[in-house]
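These notes concern the structure reproduced below.
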Amino acid sequence: MTQYWLMKSEPEECSIDDAINAPDATVPWTGVRNYQARNFMRDGMKVGDGVLFYHSSCPEPGIVGIAKVASGTRPDPTQFDKKSPYFDPASKREEPRWLLLDVKAVKKTRLMGLPELRDTPELADMVVLKRGNRLSITPVSEAHWNFIKRKLVGG
DNA sequence: GCCAACGTTGGC
DNA sequence: GCCAACGTTGGC
């Protein structure tokens, strides 16, 4: 069964344009350092699942594109890279703590910004809009997915 | 730069 | 297992 997700990315690190312009429009989703988000990748996300590509920590946070899950999980190499901001000295190669998967950008859309999301009654209970939410990966209901996709790409 | 909210760590 | 201290996220 296809499921749907919202994935936050800081555009300074990997924007929707970066993803679109990558080979095969596919990028490895590095840097997840939260167990709940990791577990979504490991246990919930399947190849072909729909992804809302979200820009965070930037002047105009919001949904900026449609993407999809393009691989299963594998160890995130940045956890072993001492020069990476994502280096985790506690993670062992024989027992990697952090995983990533590939995300393929399908379409860059207009910005559906956070204020617009908050102003849309149909989206009021989206996980990402919940007060205090900091998860970088959140599940999206099929109804929310369909609503947003219709708004952003029509049909 | 501020700060609310939340996760993680570590002493006990 | 509790919980205070600390660190991080992320919008503003």
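Each chain gets a letter, A, B and so on, in the order the sequences are listed, and its residues count up from 1.
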Mind listing the side-chain donor-acceptor pairs of residues 52-68 of chain A below 3.5 Å, one per line with the distance, residues two or more places apart or on another chain?
residue : atom : partner : partner atom : Å
A/His55 : NE2  : A/Ile16 : N            : 3.0

Closest approach of A/Val69 and A/Ser71, non-hydrogen atoms and distance?
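Residues A/Val69 and A/Ser71, closest heavy atoms: CG1-O, 3.4 Å.
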
Is there a donor-acceptor contact under 3.5 Å from the side chain of A/Arg118 to the main chain of A/Leu129?
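Yes, the answer is positive, given that a donor and an acceptor are paired below the 3.5 Å cut-off.
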
Counting only N and O atoms by type, is there a donor-acceptor contact under 3.5 Å from the side chain of A/Thr120 to the main-chain atoms of A/Glu122?
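A pair under 3.5 Å: no.
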
Give the B/S/- string for nucleotides 5-10 of chain C, one per nucleotide from 5' to 3', where a protein heavy atom under 4.0 Å of the base yields B, of only the sugar-phosphate yields S, and otherwise -.
--BBBB

Examine A/Trp98 together with A/Phe87 and report whether their ring centres are nearer than 6.0 Å.
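When the ring centroids of A/Trp98 and A/Phe87 are compared, they turn out to be at least 6.0 Å apart.
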
